[in-house]
Amino acid sequence: MSLAFPSVFPVLVTPRLVLRRIEERDREAIFRMFGNPEAMRFWSAPAWTRPELAAAWIERVHAAFEAREAIRWAIVRRESDNFVGTCTFFNIDPQNRRAEVGYILDRAAWGQGVMREALTAMLEYGFRAVGLHRIEADIDPRNAASVRTLEHFGFAREGLFRERWRVGDEITDSLMMGLLAREWLSHA
């Protein structure tokens with residue numbers, strides 16, 4: 001079985017959210033999110049300091065989709081189309097039907113169940129429509145909210161890589177977590 005990477009950008013709809021293509025109109029909200037040190041606390045890069053980084057990032061996001069390397073969705077509220085975050089499949093490995101998942105929310109959207117709702121749609125899409133066998137997450141183990149979110153979906157802790165990332169002047173560990181299609185499909 002091979003992966004069914006989409007030729008047209010997939011739009012996913014949940015009760016409160018739409019996961020859609022990232023657009024130029026999201027640029028200010030993207031900069032605000034990636035420029036917030038609190039939101040970026042456990043990210044693998046420091047907070048952005050220059051607004052022009054958002055435009056270049058959007059271009060890279062579109063190029064990665066066209067190259068079949070990643071699918072990065074804007075998470076927006078259905079009723080307003082307000083941008084609240086992103087979620088991504090990246091490091092897509094067609095031969096092994098594997099991908100990594102990444103996500104980030106604007107600070108104002110924390111604690112509202114937004115990421116659980118978005119990831120439910122994304123994981124369902126990845127396993128059923130794309131045909132992924134395995135989805136992995138590489139997270140900072142100090143990010144307790146992210147660990148809880150992934151464990152909610154059945155991700156297993158599979159290994160700790162000590163001092164794997166250098167973010168600014170800080171060296172951080174990396175917790176690897178994984179979820180298999182059969183685990184998702186048996187509980188979905």
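Using cut-offs of 30° and 60° on the angle between ring planes, the pair Phe153 and Trp184 is tilted.
Checked against ring pair (Phe, Tyr, Trp, His ring centres under 6.0 Å), Phe83 has no partners two or more places apart in sequence or in another chain. Checked against ring pair (Phe, Tyr, Trp, His ring centres under 6.0 Å), Tyr103 has no partners two or more places apart in sequence or in another chain. Looking at residues two or more places apart in sequence or on another chain, you find a side chain to side chain contact (heavy atoms under 4.5 Å, CB included) between Val61 and Ile22, Trp57, Arg72.
Following chains of ILVMFWY side-chain contacts shorter than 4.5 Å, one can reach Trp110 starting from Ile75, so the two form part of one hydrophobic cluster.
Ile135 approaches Phe155 most closely through the heavy-atom pair O-CE2, 3.4 Å. Of all the heavy atoms in Arg20 and Val76, the pair that sits closest is NH2-CG1, 3.4 Å. Contact detail for Ile71 and Ile92: the closest heavy-atom pair is N-CD1, 4.4 Å. For the residue pair Ile139 and Ser146, the shortest heavy atom distance occurs at CG2-OG, 3.9 Å.
Using a 4.0 Å cut-off between charged nitrogen and carboxylate oxygen, Arg134 and Glu158 count as a salt-bridge pair.
With Glu23 as reference, Arg21 is the one residue of Arg21, Arg25, Arg27 to meet the salt bridge (Lys or Arg N to Asp or Glu O under 4.0 Å) rule.
Side-chain contact between Met122 and Trp73: present, with at least one pair of heavy atoms (C-beta onward) separated by less than 4.5 Å. Within the 4.5 Å cutoff, the side chain of Tyr125 has no heavy atoms near those of the Leu19 side chain.
Counting non-hydrogen atoms of neighbouring residues, nucleotides and ligands closer than 6.0 angstrom, the CZ atom of Arg182 reaches no more than 12 such neighbours. Within 6.0 Å of CD in Glu151 there are more than 12 heavy atoms belonging to other residues, nucleotides or ligands. Annotation for Arg162: atom CZ does not count as buried by contact number, only 12 or fewer foreign heavy atoms lying within 6.0 Å.
Sorted by first then second residue, the salt bridge (charged side-chain N to carboxylate O under 4.0 Å, His left out) pairs that include residues 82-95, not counting sequence neighbours, are Asp93-Arg98. Among residue pairs with one or both ends in residues 35-62, those qualifying as salt bridge (charged side-chain N to carboxylate O under 4.0 Å, His left out) are Glu38-Arg107, Arg41-Glu170, Arg50-Glu52; sequence neighbours excluded.
In this structure, the side chain of Trp48 does not engage the main chain of Asn36 through any donor-acceptor pair within 3.5 Å. The main-chain N or O of Leu180 is found under 3.5 Å from a side-chain atom of Glu183 such that the two form a donor-acceptor pair. Within the 3.5 Å criterion, the main-chain N or O of Gly113 finds a donor-acceptor partner in the side chain of Arg16.
Here the CE atom belonging to Met115 is positioned 11.0 Å from the OG1 atom belonging to Thr120, to the nearest 0.5 angstrom. Going from atom CZ of Arg142 over to atom OG1 of Thr172 covers 6.0 Å, rounded to the nearest 0.5 Å. In this structure, CD on Glu79 lies 8.5 Å from CG on Leu17, to the nearest 0.5 angstrom. Separating the CZ atom in Arg116 from the CZ atom in Arg148 is a distance of 8.0 Å, to the nearest 0.5 Å.
Within the hydrophobic cluster formed by Ile, Leu, Val, Met, Phe, Trp and Tyr side chains joined at under 4.5 Å, directly or through other members, Met176 is accompanied by Phe161.
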